[in-house]
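Input: a single structure, listed below in structure tokens.
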Amino acid sequence: MQEEIMPGRETQDWMWEEIEKKAAEGGGKAAFLPYLKIAASIAVAALVFAVLLPQASWAERTSGFQKEFFHTGRNVKEGITENVYEDKGEHVRMEITEMLSDGACVYCNICYEALDAEGERWLARHDFEAEGIDFPYVGSESVDIGRWALREQKELETEKARYFALFFENDSGRFSLKDREVKISYPMCKGRAAGWVKINGTLDAVTYRLSGGQSPSKYYEPQYLMVSRLSYGLFGKDCGMVDTGPKEDGHYFSQGFLEEQMDDMGRVYPEGLPLSFIMKDGSKIGGFADANLIKAKGLAGADLKISAGIFNADSDLSWKVMPIDAPGELAGIDIDGVHYDLEKVDISE
């Protein structure tokens with residue numbers, strides 16, 4: 001509706017530039033009148049827009065998972081699937097109104113609506129932090145979740161409705177949730193309920209083979225990168241990073257793992273693995289990501305998951321996604337200061 005009423009941003013900018021230009025030239029009233037009419041038209045359109053567009057709709061445009069989990073100004077609207085799931089009970093309706101997924105990360109906007117007075121009372125007192133929403137299974141398999149979060153959108157709350165932004169991430173780095181059925185468990189007025197939700201992976205992943213460069217570690221060799229607009233998985237060859245036998249402290253890690261900058265909490269690369277993704281135009285997407293460095297099924301012989309996670313531009317806001325515009329336009333990657341060229345390959349290799 002906004003696009004139908006308001007002129008485009010470029011058009012508005014041009015209009016105001018022309019108005020300011022004419023004002024600076026000091027033209028007469030007659031010469032300046034057309035530009036005043038243009039300005040008035042913009043103001044009227046803005047007023048009509050503000051009055052006619054429902055307030056909840058406008059709030060939803062600036063809230064939900066885009067506000068909670070994405071850097072300000074990053075637009076992912078084109079990949080969002082609407083009207084994903086609904087469960088209508090006797091007193092409360094639960095809806096997944098929007099979903100965005102690349103098959104590894106899943107973001108949902110969720111609305112709980114009271115259908116009667118009893119539903120309103122339940123909705124007002126229920127503690128979603130203590131008893132929230134969970135995705136425990138993919139098909140008959142347990143979901144390997146790296147992390148998840150449920151955040152309430154207090155600014156949208158009414159007497160009859162509460163709104164939530166949900167994020168969960170499969171930690172495999174393989175985008176394995178794409179177009180699969182996931183079991184969802186959630187509270188309702190008379191206890192917990194469950195259902196199956198299809199993960200609509202609208203954001204495709206691209207696979208690259210890494211070539212050139214000396215490995216950043218003698219214990220692993222980076223080989224493949226899988227990447228979407230939102231997240232990535234980096235795989236390679238285990239060259240002594242992971243051991244099959246237990247150590248004295250009970251960990252199943254080799255000396256190679258222990259030597260990779262491990263801290264006293266058992267984290268390798270505790271400050272994050274330095275990664276820099278290089279686009280074909282020379283621009284870079286920097287940041288740090290967790291180093292997983294665990295045995296994992298990879299592509300074409302890769303048997304080590306080096307790192308998997310989301311793109312972000314600020315280590316202090318590591319949960320905030322900074323989407324890349326064109327995952328198919330990557331040219332290289334720097335891993336802990338070592339450069340690799342990227343060659344696009346078929347995912348089946």
Side-chain angles (χ1 to χ4, degrees), residues 102-105 138 141-147 169-178 205-228 230-247 249-263 265-278 287-312 318 327 330 332-349:
D102 60 1
C105 300
V138 176
E141 304 172 2
S142 176
V143 178
D144 179 16
I145 296 179
R147 55 181 177 160
E169 174 188 18
N170 176 266
D171 203 23
S172 69
R174 291 293 304 274
F175 304 89
S176 57
L177 297 179
K178 186 178 179 68
V206 182
T207 306
Y208 292 94
R209 180 188 291 115
L210 279 63
S211 62
Q214 180 180 356
S215 177
S217 169
K218 64 181 179 180
Y219 298 110
Y220 66 86
E221 177 187 346
Q223 293 178 318
Y224 288 91
L225 173 70
M226 296 182 68
V227 57
S228 76
L230 305 181
S231 61
Y232 71 91
L234 180 62
F235 298 90
K237 182 180 179 181
D238 183 4
C239 303
M241 176 61 63
V242 182
D243 201 346
T244 56
K247 296 300 175 182
D249 59 2
H251 292 293
Y252 287 80
F253 303 127
S254 69
Q255 189 62 31
F257 187 98
L258 299 175
E259 288 180 2
E260 289 296 309
Q261 306 179 39
M262 189 170 182
D263 69 355
M265 295 181 64
R267 298 176 301 180
V268 179
Y269 293 102
E271 300 300 323
L273 178 65
L275 296 176
S276 182
F277 299 88
I278 305 164
F288 290 81
D290 291 338
N292 303 114
L293 296 170
I294 60 175
K295 282 286 189 179
K297 293 181 180 180
L299 302 172
D303 60 356
L304 187 76
K305 182 178 66 172
I306 298 170
S307 180
I310 61 175
F311 292 108
N312 65 77
S318 59
L330 284 170
I333 182 174
D334 292 343
I335 306 173
D336 199 9
V338 177
H339 178 77
Y340 293 86
D341 292 327
L342 295 178
E343 175 191 359
K344 194 180 299 183
V345 294
D346 188 88
I347 198 170
S348 63
E349 289 193 24

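All heavy atoms count here, side chains included; hydrogens, waters and symmetry mates do not. Quick note: residue numbers are just sequence positions, from 1.
The shortest heavy-atom contact between Y220 and L273 is OH-CD1, 4.2 Å. When all heavy atoms are compared, the tightest approach of E169 to C105 is CG-SG, 4.2 Å. Across Y340 and P222, no two heavy atoms sit closer than the pair OH-CD, 3.4 Å. Across all non-hydrogen atoms, the minimal contact from Y224 to V345 is CE2-CG2, 4.3 Å. For K305 against A296, the heavy-atom pair with the smallest separation is CB-CB, 3.8 Å. In terms of heavy atoms, F235 sits closest to R174 at CZ-CD, 3.4 Å.
Under 4.0 Å is where a charged nitrogen must lie from a carboxylate oxygen, and between K295 and D303 at least one such pair does.
Using modelled atom types, one side-chain atom of S228 and one backbone atom of S231 make a donor-acceptor pair closer than 3.5 Å.
Under the 4.5 Å side-chain criterion, counting only non-hydrogen atoms from C-beta, Q223 is not in contact with L210.
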Given side-chain contact (heavy atoms from CB on, under 4.5 Å), test L293 with L304 step by step and report yes or no. CA-CA 6 Å; L293 296 170; L304 187 76; 4.1 Å; yes
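Distance OG/S276 to CD1/I335: 10.5 Å, rounded to 0.5 Å. Here Q214 contributes atom CD and H339 contributes atom NE2; the two are 14.5 Å apart, rounded to the nearest 0.5 Å.
Shown are L330, V206, I306, L275; of these, the side-chain contact (heavy atoms from CB on, under 4.5 Å) with L225 is made only by L330.
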